[in-house]
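Contents: one structure, followed by commentary.
In the text below, chain A, chain B and the rest are named by the order of the sequence lines, each starting its count at 1.
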Number of protein chains: 2
Amino acid sequence: MRNKGGTLRLRIIAAADELFYQQGYENTSFSDIADVVGISRGNFYYHFKSKDEILDAVIDARITRFKEMLNEWDKKTTDPKQRLHYYIDMQSRNQEKIISHGCPVGSLCTELAKIRHFMLVDANKMFTVFRDWLTTQLELVGVKKNAKQLSMHLLARGQGIATVSNAFEDKAFLHQEVTQLKQWLDVEILKASH
Amino acid sequence: MRNKGGTLRLRIIAAADELFYQQGYENTSFSDIADVVGISRGNFYYHFKSKDEILDAVIDARITRFKEMLNEWDKKTTDPKQRLHYYIDMQSRNQEKIISHGCPVGSLCTELAKIRHFMLVDANKMFTVFRDWLTTQLELVGVKKNAKQLSMHLLARGQGIATVSNAFEDKAFLHQEVTQLKQWLDVEILKASH
DNA sequence: TAACATTTAGGACAAACATCCTAATTCAGG
DNA sequence: CCTGAATTAGGATGTTTGTCCTAAATGTTA
């Protein structure tokens, strides 16, 4: 096998990942990706049989990346409450990207739902990764009964913040909501753990 | 002027409005709209100089429709708290559409932001219509200081519910969140009005 | 009815698109 | 070095797109 043989596929996925986030899936052409990677357009069909196949690879890559990220977070602190705060703060840390392109998970799901793409069911697994991790942290922090429900709620709160911040390109609103959400969660944790 | 002359423009806008919501703006072609209206593709450019112009007309039409809708709500009851509940319940009333196509306001803004369309600043005026109305109702119900901030928060809560319900196609989650949001708002109103 | 303006249909157009095909290039193993 | 497989480049193809053009059809006015 050739030297770059194994990595070219990964480079295509990385470029597609970023372009799908920045420009949307439908709005990104093979030419766009090829230009970024620096290969010819036709060469694509040796590595991916269709555009759907690249989307599939991008979704898988994101899921893997998110799982790795959450593992890193787990190493940063053993305190589940701090972990939950770190999750919510993610929006502040990525403020520029959120303002410009929205949430990479939510905006892709929104687009796939709109064009009735069959891979929406795969895309929303990106949400599930975070939901399951949030559920675990909430249980660790003492939320017994409604941990799963509360984690879904937290996903929605994050999506709301991202969508509105993105629509208004309003950084101040983003930070305000992030702060408010952390305070609300602290109270909720207190209530739920008696 | 011909009989249908005045209404054809409106019929085109109505068809585009619905298709943009169901399939997205970029994913809707002139042919799609022409097929629904029942006119020839080329005939478009007599009524609209470009696709951007149709988008502009659709956004204006939606803003007008939303304002009319809010006026109807104002007539339904004079109780601002009931009006706020009626706003939140809108998601339940439109459950099928939300599950299938998301929020017509949020999903369009998300798409326009993604393709860096210059009319995003016009599209988010749809949000502003609701925000201003919410601010008025909140002030009427006794929220003095943070009425505008709270109305922005309500927009975001709605967007979060729509985005996640749409991504998971989860009707139960939608209703659960709607109920929870109304309860939370009642408490918030109590707190804010001393 | 005649002359004029408005409205419509239908095709022409170039650009962009996903996909396919083929020939050239590069590699590993003998 | 030779050979066959893996990899790549670049063009061909057919479709769809937004936009434009022109002539026909329809309405209005005199």
Side-chain angles (χ1 to χ4, degrees), chain A residues 1-20 22-59 108 111-112 114-120 122, chain B residues 1-59 108 111-112 114-120 122-123:
Chain A
M1 200 182 296
R2 215 189 134 189
N3 191 18
K4 286 183 177 180
T7 61
L8 181 55
R9 191 171 203 276
L10 294 178
R11 285 199 297 145
I12 293 174
I13 294 172
D17 190 346
E18 201 173 347
L19 286 172
F20 289 174
Q22 292 176 348
Q23 321 184 355
Y25 169 66
E26 284 271 87
N27 196 44
T28 300
S29 69
F30 279 112
S31 298
D32 292 335
I33 305 172
D35 287 348
V36 169
V37 179
I39 60 169
S40 73
R41 202 173 60 263
N43 189 10
F44 259 101
Y45 284 76
Y46 179 76
H47 297 278
F48 298 94
K49 271 178 240 163
S50 69
K51 203 180 175 186
D52 289 342
E53 214 167 272
I54 299 186
L55 176 61
D56 195 29
V58 166
I59 290 172
L108 181 59
E111 181 179 358
L112 296 184
K114 190 123 298 195
I115 63 178
R116 291 180 185 79
H117 199 290
F118 69 100
M119 271 184 192
L120 171 62
D122 299 289
Chain B
M1 199 184 297
R2 214 190 137 188
N3 190 16
K4 287 183 177 178
T7 60
L8 181 54
R9 190 171 204 277
L10 295 178
R11 287 199 296 143
I12 293 174
I13 294 171
D17 191 347
E18 202 174 347
L19 286 173
F20 289 175
Y21 176 45
Q22 291 175 347
Q23 322 183 353
Y25 170 66
E26 283 271 87
N27 196 44
T28 300
S29 69
F30 279 105
S31 299
D32 292 335
I33 304 173
D35 287 349
V36 169
V37 180
I39 59 168
S40 72
R41 200 173 65 261
N43 189 10
F44 259 102
Y45 283 76
Y46 179 76
H47 297 277
F48 299 95
K49 272 178 239 161
S50 68
K51 201 180 176 186
D52 289 342
E53 215 167 273
I54 300 186
L55 176 60
D56 196 29
V58 166
I59 290 171
L108 181 60
E111 181 179 357
L112 295 184
K114 189 122 297 194
I115 64 178
R116 289 180 187 80
H117 199 289
F118 70 99
M119 273 186 190
L120 172 61
D122 299 289

Counting only side-chain heavy atoms from C-beta out, which of [options] sits nearest to [X]?
X: B/Y46; options: D/dG18, C/dT7, C/dT19; answer: C/dT7
X: B/Y45; options: D/dT17, C/dT19, D/dC20; answer: D/dC20
X: B/R41; options: D/dG18, C/dC17, D/dA9; answer: D/dG18

Cation over ring face, A/K49 and A/F44, 6.0 Å, 45°: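 No, A/K49 and A/F44 do not form such a contact.
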A/K114 to B/F20 six-membered ring, cation-pi geometry met (6.0 Å, 45°):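 No, cation not above the ring by the 6.0 Å, 45° rule.
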Integer-rounded Å distance: [N] [atom2] and [X] [atom1]:
X: A/L19; N: C/dC17; atom1: CG; atom2: P; result: 12 Å
X: A/N43; N: D/dG11; atom1: CG; atom2: P; result: 14 Å
X: A/L8; N: C/dT26; atom1: CG; atom2: P; result: 15 Å
X: B/F44; N: D/dC21; atom1: CZ; atom2: P; result: 18 Å
X: A/D32; N: C/dA16; atom1: CG; atom2: C1'; result: 11 Å
X: B/H47; N: C/dT8; atom1: NE2; atom2: P; result: 4 Å
X: A/E53; N: C/dC20; atom1: CD; atom2: P; result: 11 Å
X: B/D35; N: D/dT16; atom1: CG; atom2: P; result: 12 Å

A/S29 vs C/dA16: side-chain N/O to OP1/OP2 distance below 4.0 Å: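 Indeed not, no polar side-chain atom of A/S29 lies that close.
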Proximity of A/F48 and A/F30 rings by center, below 6.0 Å: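 A/F48 vs A/F30: aromatic centres not under 6.0 Å.
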Side-chain (A/E111) to main-chain (A/E26) donor-acceptor, under 3.5 angstrom: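 Present.
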Of A/N27 and A/G42, the one whose closest DNA chain C nucleotide lies more 5':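 Nearer the 5' end of the strand: A/N27.
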